[in-house]
Amino acid sequence: MPVPGEVHEIQQMDSVEPMQVDDPDAGGAPRSSDFTVENPNFDLEAYGNSYAGLAKIRRLLFIAKHCPSLQVDALKLALAAVEQTHNTVLFTDIRHKLQQASGDPKFSPDQEDAISFVSTTNRKAAIMLERLDSDLKNYRHNSIKESIRRGFDALGDHYVDCGDLNQALKMYTRARDHCTSAKHIVQLCLNIIKVSILLGNWQQVLNYYSKAEATIDMDTSKAQAPASPEVASRLKCAGGLAEMENRNYKNAGRLFIQASFEHCKFPDLVSPYAVAVYGGLCALASFTRQELHSRVLTSSSFKQFLELEPQLRDVLSKFHQSQYTSCLQTLGEMRSSLMLDLYLAPHLPALYAMVRNKALIQYFSPYMSVDLRKMAAAFSTSVSALEDELTTLILDGQISARIDSHAKVMYARQVDHRSAIFQKAMEVGEAYQLRTRALLTRSLLQKHNICVTHVQGEG
């Protein structure tokens, strides 16, 4: 763990910080955390192996918090992962939680082995920090821009490993003045995006995603070699994650489905399975039927992601085929395992509601009238509950219909197309008359040399 005050000399060299973090303790945690998942169909070890670093630890801690049946196993995996880092604060916290969960005193942070580990790791972190600090001073003294940039990046990586994300962000940002190529700028953006995701600063993620995309586009237009597919995919996934956190699900879906399966290899951010789930659910909730078919189901690239989650692939296919009963049933079966995802959990209720509303709207769209009893059977709900859902959709303007509560029938509102076309023609005619009068007035004023001029010294 870094010793406070070790980098004071570097800070004095460049005391102006170009960025501030909105919420340094957010960590991407869900806004709603009062839920528990019992007996999920979940392979914890395989899930943990899909991630690395702090991303892996935080995801495992999230599972331990919300799934009592997997709590001890998740904490043990998180402890093994944090032991590979220099983050002794998190190590002590996980040991304490593991002791409480298991009731085993050997996991106490006050045990001799834990105290020895913390002391040794802090000493190693301090030595490494001193060495990196010394290297950076030499680079700055020799004025070698490339070496200075790498020195700041190395310090940022070290602070991430120690869990000091704010300091890591400062180091990565200071490398900006020493970037000499488009490739360096893109790498700077990727580093800041990585830390911003861990900090939960989603607006900053989007800002640097846009900056990286603009840099890549500019570089490509100059006939330079385009960015590697892995960099492009990483940017798409980071942007998609930020859009999802901002509840812009359609934009998130569009970004996730642009990721390349062959180059989706960044365990410190998201796994290919997570890309499939995030992209598939966002697309299902926000895409039109045509977009769902052309951009997801028949996409040669995204189909490879969907092979990792056959249930979700079936859900998308059934929804497109209007098999809403089995589609919603399968979604319900997946819910418990999806609720254990750190970033997806706070959005799952909204996404599920959007999917169900879309199903209700599409079910009714071909008909002039629908028997609510048959519709309730198709959606596995009661007539009264269905009536409440449909009433909400009608009031929101998503369905143009009226409900006969006595006969339990919903009727589509009759639209007088003849009157609508006539009204539109009248509006177009009036707008044309207004523009014509304005043009005639302007031409007459110009013809008679009538104009308003600005006299110097007035107004």
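Here the structure is a predicted model, which is why all the values come from computation and not from measurement.
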Is there a donor-acceptor pair under 3.5 Å between the side chain of [X] and the backbone N or O of [Y]?
X      : Y      : value
Thr121 : Asn87  : no
Ser286 : Cys282 : yes
Tyr209 : Cys189 : no

Quick check, are the ring centers of Tyr343 and Tyr278 under 6.0 angstrom apart?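 No - the distance between ring centres of Tyr343 and Tyr278 does not fall below the 6.0 Å cut-off.
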
Are [X] and [Y] ion-paired here, with the side-chain N under 4.0 Å from a carboxylate O?
X      : Y      : value
Glu146 : Arg150 : yes
Asp164 : Lys170 : no
Lys250 : Glu291 : yes
Lys236 : Glu213 : yes

Which class fits the ring pair His347 and Tyr249: parallel under 30°, tilted 30 to 60°, perpendicular over 60°?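 Rings of His347 and Tyr249: perpendicular, as their planes differ by over 60°.
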
Looking only at side chains, do [X] and [Y] share a donor and an acceptor under 3.5 Å apart?
X      : Y      : answer
Gln290 : Ser294 : no
Glu45  : Asn49  : no
Ser322 : Arg289 : yes

Listed by chain and number, what are the side chain to side chain contact (heavy atoms under 4.5 Å, CB included) partners of Ser337, not counting sequence neighbours?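 Here the qualifying residues are Phe42.
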
Step through the shown structure and confirm whether more than 12 heavy atoms of other residues, nucleotides or ligands are within 6.0 Å of CG on Asn41. no

If you count the non-hydrogen atoms of other residues, nucleotides and ligands that lie under 6.0 Å from NE2 in His96, is the total more than 12?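 It does not: His96 NE2 has 12 such atoms or fewer within range.
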
Residues that Phe319 engages under ring pair (Phe, Tyr, Trp, His ring centres under 6.0 Å), provided they are two or more places apart: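 Partners of Phe319 by the ring pair (Phe, Tyr, Trp, His ring centres under 6.0 Å) criterion, ordered by chain and then number, come out as Tyr324.
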
